[in-house]
Amino acid sequence: MGGSGKTTLAKEIYNRKFLSMDRSSFVFNVRDAEAKCVLHKKQRRLLEDPGVKGVSFDDTEQGKAILASRLISVSVLIVLDDVDHTDQMDALLPAKDILGRGSLVIVTTTDKKVLQSRDISSVYEMKKLDPLHAKQRFCSKDVEYLQIIDVHEQEEVIKKTSIGEIKPTTAGSLREIVEFPSCSGTLLPYSAGAEKIGVNNGLMGDNLPPQDEVVTLMQNNNIGKLRIYKAEPHVLEAFANSGIEIIIGVANFELRDISSNQEVANMWVDENIIPYYPATNIKYIAVGNQAFEKTKYGLYVLSAMNNIQIALEKANLQHRIKVSTTHGRAVIPMSLLPSKGTFNNRVKNKMRSVLQFLDDHGSPYMANIYPYFAYLENPNISIDYALFKSTAPTVIDGDSIYTNLFESMVDTIYSAMESLGFNNIPIVVTESGWPSFECLGMDLFGSPPVNVFFF
């Protein structure tokens, strides 16, 4: 079943297991690779991820022989994502009797015959959630972010959040806004001269529209920015010549391999940037998503950023595409006075190094800013302040006056950066939003549908 979350489930298993294996590799979009006659590149990926250098071949049969020789008796975790033909299995999956004890191979596919061809007996078939359980899942604490979901005519879903760029100046309660998003629960038309909003395209729902329809929908509503959480070839191809600016994510589970091997970083850029740019307007690469909030990923962020930067320089794209990483609220404790903003002591030294990287390369600080969560966690924050509905000053911080929580949270980030000596790094807001329904009817969540329109 397409669009049911097979890749997401495979990622979750991979994230839990990869540190315990001798070697691990997650190979995305296998079907697409065969269509482009680049299966040998996926074979090289399997070999180079663990840190093996100097592997060079251009023939799939040669790659099969090298894979078999290199993986004998090695404990491996291999995920082959979106396989649709037995030839792909033959090219990428060595005979199971040569792999080491404890090895785990996961294959995602919509065709059971692919699994039967290799005598794979343990098959998990994804099932759709009914609407009630889907709603419960969305509202549960297992979901990291409650993001606005906008459903258009045929209930085809786009994850709707704002992406905007904010530039620091020397004065004002909110720094000068360069590309400030207008946050709304629906896709509203904008005049030609208005600043453009952005959307996060998560690709994890059922009945998703074809990407060419997404392009048309965005253009018709003057939505000029898109963020995808990992490189998706069909998305990048669909957005070619659209003019829409794109942030491409490097997934958290890819960080370790990219951080430890420059060749892997080079291959990531070779496969996910060079074939599409400049026809596809790639503006930023987000290396990891809130990785510092997850200790095992935070270890790899800065090295991965450096290696992606080197790969861009090798391709002479360093002045056109900027490298950063996204951060959530956990790295900066909530402060009602923005001027008191500081980084969490646990990550302060790492953040100093990241900020130095951003400053050196002219890259922005990427922030996922959710007034909704701050409102939930702090009883002193009023719903009007969180939803831009206050008409009178709510927070006075020195010479700065705040009438809404969003601006306060942005300035808190600036203060945190300034506390470490960085005064000129712009902010790109990579996520924001408000739930568009009551979670299981509990009004205490502050999420009746009307609230999303104010946000």
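Here, residue 1 is the first one in the sequence, and each next residue gets the next number. Computation of the quantities below employed the complete heavy-atom set of this structure, encompassing side-chain atoms and omitting hydrogens, waters and symmetry-equivalent molecules.
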What distance separates [X] [atom1] from [Y] [atom2], expressed to the nearest 0.5 Å?
X    : Y    : atom1 : atom2 : result
T403 : F388 : OG1   : CZ    : 8.5 Å
T430 : Y365 : OG1   : OH    : 9.5 Å
F343 : S415 : CZ    : OG    : 10.0 Å
T412 : E407 : OG1   : CD    : 11.5 Å
I369 : H327 : CD1   : NE2   : 11.5 Å
N266 : I310 : CG    : CD1   : 8.5 Å

Kindly indicate, with the supporting measurements, whether the criterion side-chain contact (heavy atoms from CB on, under 4.5 Å) is fulfilled by I228 and L236.
CA-CA 9 Å; I228 54 178; L236 296 172; 4.0 Å; yes

For the side chain of [X] and the backbone of [Y], is there at least one donor-acceptor N/O pair under 3.5 Å apart?
X    : Y    : result
S363 : S324 : no
R346 : E293 : no
S303 : Y300 : no
N378 : A374 : no

Identify the heavy atoms of [X] and [Y] that sit nearest to each other, and give their distance.
X    : Y    : answer
V429 : S432 : CG1-CB, 4.4 Å
Y276 : P233 : OH-CB, 3.3 Å
D212 : A238 : N-CB, 4.1 Å
E418 : N423 : CG-OD1, 3.2 Å

Validation row: [X], [Y] side chains within 4.5 angstrom (heavy atoms):
X    : Y    : result
I381 : T394 : no
V215 : Q219 : yes
V287 : L255 : yes
L358 : M305 : yes
V410 : F406 : yes
V27  : D81  : no
L226 : I247 : no
I244 : N281 : no

Considering only distance and modelled atom types, tabulate donor-acceptor pairs under 3.5 Å from the side chains of residues 330-342, sequence neighbours left out.
{"unit_1": "S335", "atom_1": "OG", "unit_2": "L337", "atom_2": "N", "d": "3.3"}
{"unit_1": "S335", "atom_1": "OG", "unit_2": "L337", "atom_2": "O", "d": "2.7"}
{"unit_1": "S339", "atom_1": "OG", "unit_2": "D397", "atom_2": "OD1", "d": "2.8"}
{"unit_1": "S339", "atom_1": "OG", "unit_2": "D397", "atom_2": "OD2", "d": "2.9"}

What's the verdict on side-chain contact (heavy atoms from CB on, under 4.5 Å) for I246 and T280, showing C-alpha distance, side-chain angles and the deciding distance?
CA-CA 8 Å; I246 294 181; T280 302; 3.5 Å; yes

With no hydrogens and no angle check, do the side chains of [X] and [Y] hold a donor and an acceptor under 3.5 Å apart?
X    : Y    : result
N201 : Q211 : yes
S390 : D384 : no
R227 : N289 : yes

Report the C-alpha separation of S408 and Y385 in whole Å, then their side-chain angles, then the decisive distance to 0.1 Å, and conclude whether the side-chain contact (heavy atoms from CB on, under 4.5 Å) test is met.
CA-CA 10 Å; S408 171; Y385 185 54; 3.4 Å; yes

Given I258, D257, V264, the one that forms side-chain contact (heavy atoms from CB on, under 4.5 Å) with N261:
V264

May I ask you to check whether Y375 and Y372 place their ring centres under 6.0 Å from each other?
no

Parallel, tilted or perpendicular: ring planes of F253 versus F26, cut at 30 and 60 degrees:
tilted

Full working for side-chain contact (heavy atoms from CB on, under 4.5 Å) between I273 and W268
CA-CA 8 Å; I273 303 296; W268 192 95; 3.8 Å; yes

For residues 356-380, the salt bridge (Lys or Arg N to Asp or Glu O under 4.0 Å) pairs (sequence neighbours left out) are R329-E377

Output a table of donor-acceptor pairs, distance under 3.5 Å, between side-chain atoms of residues 311-323 and any protein atom two or more places apart or on a different chain; print 'none' if there are none.
{"unit_1": "E313", "atom_1": "OE2", "unit_2": "Q309", "atom_2": "NE2", "d": "3.3"}
{"unit_1": "K322", "atom_1": "NZ", "unit_2": "Q318", "atom_2": "O", "d": "3.3"}
{"unit_1": "K322", "atom_1": "NZ", "unit_2": "H361", "atom_2": "O", "d": "2.9"}

